[in-house]
Amino acid sequence: METNGVLLTCPMFPYLEHELETRFTLFRLWNHPSSTLDEYLRGIRSCVKAVVGNTKIGASTELIDALPSLEIVSTYSVGLDRIDLKRCEERGIRVTNTPDVLTNDVADLAIGLVLGVLRRLCPADRHVRSGKWKDMDFALATKFSGKSVGIVGLGRIGSAIAQRAEAFGCKISYYSRSKKSYPNFKYHSSITDLATSCEILIVACALTEETHHIINREVIDALGAKGILINIGRGPLMDEAELVSALLEGRLGGAGLDVFENEPEAPEQLFGLDNVVLSPHLGSDTIETCTAMADLVIANLEAHFRNESLITPVI
Ligand SMILES: O=CC(=O)O
């Protein structure tokens, strides 16, 4: 039985926690008040060889620096924005994530949000539940099939969204760091041009210093009063204050948001808007996908401790 120390940064999928516990010496970071955290970390620093973080709490510079025996960060997420990758690189710490296994779920949710906003599924549900249907028909909604869809970031998830939208007869264009080899999808080297040319803009890129607030006022205005913005990437990709003003002032047609700048906070000004669908960062949250992600986290840790090649290495 392996006894390598693994530090879990916050509560995650119970299956992951259980499987880690059966294989490694598991330490839980959240069981300690912040006043005693330094002391706790000092006590375990020589045992902890791995950190398992997620989209809430990853491996910050401070955490990495507090763990001199750290060899690997295996994140239970595809996103790497909660990890100080530079520090990991400097220290020779390996990093793995969970790509591919969650692609379909996140792409499915992106389409779900589009349909939710355009077909007004949340207000429609309220219409039935409140009994209003007996008094009046529900107002007409907006068609999705055949619309022009712009995708910001045509990586694994962006391409899966594009393929789904294509099946709805949508015209696909995209903005990405570089042009990809998809003959059916139109490339824009400017995100504002992309926003001008599409009716639905779906944000699916990674959060980095370059993409922070990539959706700013100029992009929102280019999308316009009939445009729909969907974000299944990360909250800070959008200037949320600008997004809220645009929605309140009717300068944007609607939004479907799975991610927010200060999660788990979401802007309360949006709560009364029927043209907005909000979900609590659950793109990959299905039992099937979370199980596959957990298995991948563990497979990467086991490969590392056996000195084998990592399954999904980042560094
Ligand atoms: O947001 C989800 C992830 O990065 O896995």
Side-chain angles (χ1 to χ4, degrees), residues 8-17 19-20 50-60 63 72-85 88 94-114 151-161 164 202-215 229-238 240 255-266 277-301 310-315:
L8 194 61
T9 60
C10 57
M12 293 177 212
F13 186 32
Y15 166 78
L16 171 63
E17 205 171 319
E19 294 300 308
L20 287 172
V51 164
V52 174
N54 67 1
T55 58
K56 298 186 186 89
I57 305 182
S60 62
L63 186 63
I72 180 166
V73 174
S74 181
T75 185
Y76 177 65
S77 68
V78 69
L80 301 165
D81 47 288
R82 295 281 184 191
I83 304 171
D84 185 340
L85 291 174
C88 288
R94 305 299 312 270
V95 176
T96 64
N97 65 344
T98 60
D100 300 318
V101 292
L102 46 64
T103 300
N104 285 335
D105 274 356
V106 181
D108 290 351
L109 183 73
I111 299 298
L113 288 171
V114 174
I151 299 179
V152 181
L154 206 69
R156 294 180 182 89
I157 294 173
S159 334
I161 296 169
R164 282 160 175 71
I202 305 182
V203 186
C205 61
L207 175 64
T208 62
E209 274 171 26
E210 293 76 44
T211 59
H212 182 264
H213 282 193
I214 191 169
I215 305 298
L229 184 67
I230 304 293
N231 189 2
I232 47 86
R234 285 290 184 270
L237 292 168
M238 296 178 318
E240 201 167 89
L257 308 171
D258 186 47
V259 286
F260 302 89
E261 279 211 76
N262 299 303
E263 295 174 8
E265 301 292 335
V277 176
L278 309 170
S279 56
H281 198 153
L282 45 70
S284 55
D285 287 1
T286 64
I287 294 167
E288 296 88 339
T289 291
C290 287
T291 306
M293 288 168 67
D295 287 341
L296 193 47
V297 165
I298 289 161
N300 274 305
L301 290 175
L310 300 177
I311 324 294
T312 49
V314 176
I315 301 179

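Note that ligands are numbered from 1 as they come in the structure, with each ligand's atoms numbered from 1 the same way. Predicted, not measured: the structure shown is a model, and the values here were computed from it. Only this structure's heavy atoms are used, side chains among them; waters, hydrogens and symmetry mates stay out.
The shortest N/O to N/O separation between L102 and ligand 1 does not fall below 3.5 Å.
Atom numbering of ligand 1 starts at 1 in the shown order; those under 4.0 Å from a heavy atom of T55 are 1 (O), 2 (C), 3 (C), 4 (O). The distance from ligand 1 to the heavy atoms of H281 drops below 4.0 Å at these ligand atoms: 1 (O), 2 (C). Close contacts of ligand 1 with R234, meaning ligand atoms under 4.0 Å from a residue heavy atom, involve 1 (O), 2 (C), 3 (C), 4 (O). If you number the atoms of ligand 1 from 1 as listed, the ones under 4.0 Å from a heavy atom of G79 come out as 3 (C), 4 (O).
Under a 3.5 Å cut-off, the side chain of T75 and the backbone N or O of N97 do not form any donor-acceptor pair. Put simply, the side chain of T211 gets close to the backbone of A206: a donor and an acceptor are under 3.5 Å apart.
Defined by atom type and a distance below 3.5 Å, a donor-acceptor pair is present between the side-chain atoms of D105 and T289. N54 and T9 share no donor-acceptor pair across their side chains, judged by distance under 3.5 Å alone.
Contacts of V78 with ligand 1, taken as heavy-atom pairs under 4.0 Å, involve both backbone and side chain. Neither the backbone nor the side chain of V106 has a heavy atom within less than 4.0 Å of ligand 1.
Here the shortest heavy-atom pairing between L109 and G283 reads CD2-CA, 3.7 Å.
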- request: Give the intermediate values and the outcome of side-chain contact (heavy atoms from CB on, under 4.5 Å) for residues V52 and L301.
  value: CA-CA 9 Å; V52 174; L301 290 175; 3.9 Å; yes
